[in-house]
Amino acid sequence: MARKNLKNPGGETVGKSPRAGAAKRKRPVAADRIKRTARDLFYREGIRAVGVDKIVSVAGVTKPSLYRSYPSKDELAVAYLRDYADYFWERFNGGATRHPEDARAQVLGYLRGLAERSQQKSYRGCGISNAAVEYPERDHPARAFAEEHKKELRARLAEMAKAMGARDPKQLGDGLLLLIEGSFLTGQLFGAAGPAASVVEIAERLIDASCKR
């Protein structure tokens with residue numbers, strides 16, 4: 001009688017050969033380690049500054065295992081940026097849950113967290129903004145991804161400005177985008193007590209001035 005493949009309560013398949021099971025478990029572990037290592041190195045040192053040899057060395061994997069998961073460094077860079085964007089939107093959209101009908105509170109809530117992060121020693125700004133600077137070539141996949149992400153952010157801020165009752169939603173949205181991008185940069189330059197520490201108060205003044213009738 002053929003052996004059935006069953007799952008134990010923990011979700012692990014039993015009834016298959018140990019070698020097949022080990023291979024299945026090893027592949028995602030290596031891929032995850034590569035992505036996690038690349039994320040840390042790309043953010044701290046820059047995408048272009050980090051070579052494939054360093055990634056595999058720090059991750060403790062082989063170069064062939066990296067290329068099985070990511071056929072090129074460019075694809076690994078875009079995977080890093082996608083993950084970074086997901087994390088960004090998770091933070092940015094967090095205010096919608098806490099203040100579903102208050103666009104002003106949503107924006108200020110995000111800026112409050114940004115002000116706190118920008119004061120940390122390990123802060124390196126926005127990984128996506130950094131990638132746009134690293135790759136001026138508009139046809140590079142990392143640059144293309146960065147541009148699309150920033151266009152979406154700009155559109156979202158204009159929508160939120162409209163919900164706040166701004167006389168010129170596009171202008172207020174652009175002003176808020178400039179504050180955000182300026183915080184990304186000055187947080188790296190000045191650290192603690194830098195201009196980004198005041199971004200919430202500056203944004204409040206900008207919103208008030210833009211929404212007065």
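Because only heavy atoms are used, hydrogens play no part in the values below, and waters and symmetry mates are left out as well, while side chains stay in. Bear in mind the structure is a predicted one, so any value in this text is a computation, not a measurement.
Proximity of a side-chain donor or acceptor of T37 to a complementary backbone N or O of I34 within less than 3.5 Å is not detected.
In this view, E101 satisfies the salt bridge (Lys or Arg N to Asp or Glu O under 4.0 Å) rule with no residue, not counting sequence neighbours. Qualifying ring pair (Phe, Tyr, Trp, His ring centres under 6.0 Å) partners for Y70, counting only residues two or more places apart in sequence or in other chains: none. The side chain to side chain donor-acceptor pair (under 3.5 Å) search around R104 returns D208, not counting sequence neighbours. Remark: D40 engages no residue in a salt bridge (Lys or Arg N to Asp or Glu O under 4.0 Å) (not counting sequence neighbours). Take R36 and apply the salt bridge (Lys or Arg N to Asp or Glu O under 4.0 Å) test, not counting sequence neighbours, and it matches no residue. In terms of the salt bridge (Lys or Arg N to Asp or Glu O under 4.0 Å) criterion, K73 has no residue partners (sequence neighbours excluded).
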For residues 76-84, dump all side-chain donor-acceptor pairs below 3.5 Å to protein atoms at least two apart in sequence or in another chain.
{"residue": "D83", "atom": "OD2", "partner": "K35", "partner atom": "NZ", "Å": "3.3"}
{"residue": "Y84", "atom": "OH", "partner": "G125", "partner atom": "O", "Å": "3.3"}
{"residue": "Y84", "atom": "OH", "partner": "G127", "partner atom": "N", "Å": "3.1"}

N/O donor to acceptor pairs below 3.5 angstrom from side-chain atoms of residues 193-204, sequence neighbours left out:
none

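Just one residue in the list K151, R143, K150 forms a side-chain hydrogen bond (donor to acceptor under 3.5 Å, both in side chains) with E147, and that residue is R143.
Grouping the Ile, Leu, Val, Met, Phe, Trp and Tyr side chains by contacts below 4.5 angstrom, directly or via other members, places V107 with W89. Y87 and I180 sit in two unconnected hydrophobic clusters of ILVMFWY residues. Membership requires side-chain heavy atoms under 4.5 Å apart, directly or through other members.
Listed by first and then second residue, the side chain to side chain donor-acceptor pair (under 3.5 Å) pairs that reach into residues 48-66 are E45-K54, R48-E137, D53-K63, T62-S65, sequence neighbours excluded. The ring pair (Phe, Tyr, Trp, His ring centres under 6.0 Å) pairs that include a residue from residues 106-128 are F88-Y110, F92-Y110, where partners are two or more places apart or lie in different chains. Pairs of residues two or more places apart, or lying in two chains, never qualify as salt bridge (charged side-chain N to carboxylate O under 4.0 Å, His left out) while including a residue from residues 117-136.
F190 belongs to a hydrophobic cluster with L185, L189, counting contacts under 4.5 Å between side-chain heavy atoms of Ile, Leu, Val, Met, Phe, Trp and Tyr, direct or through other members.
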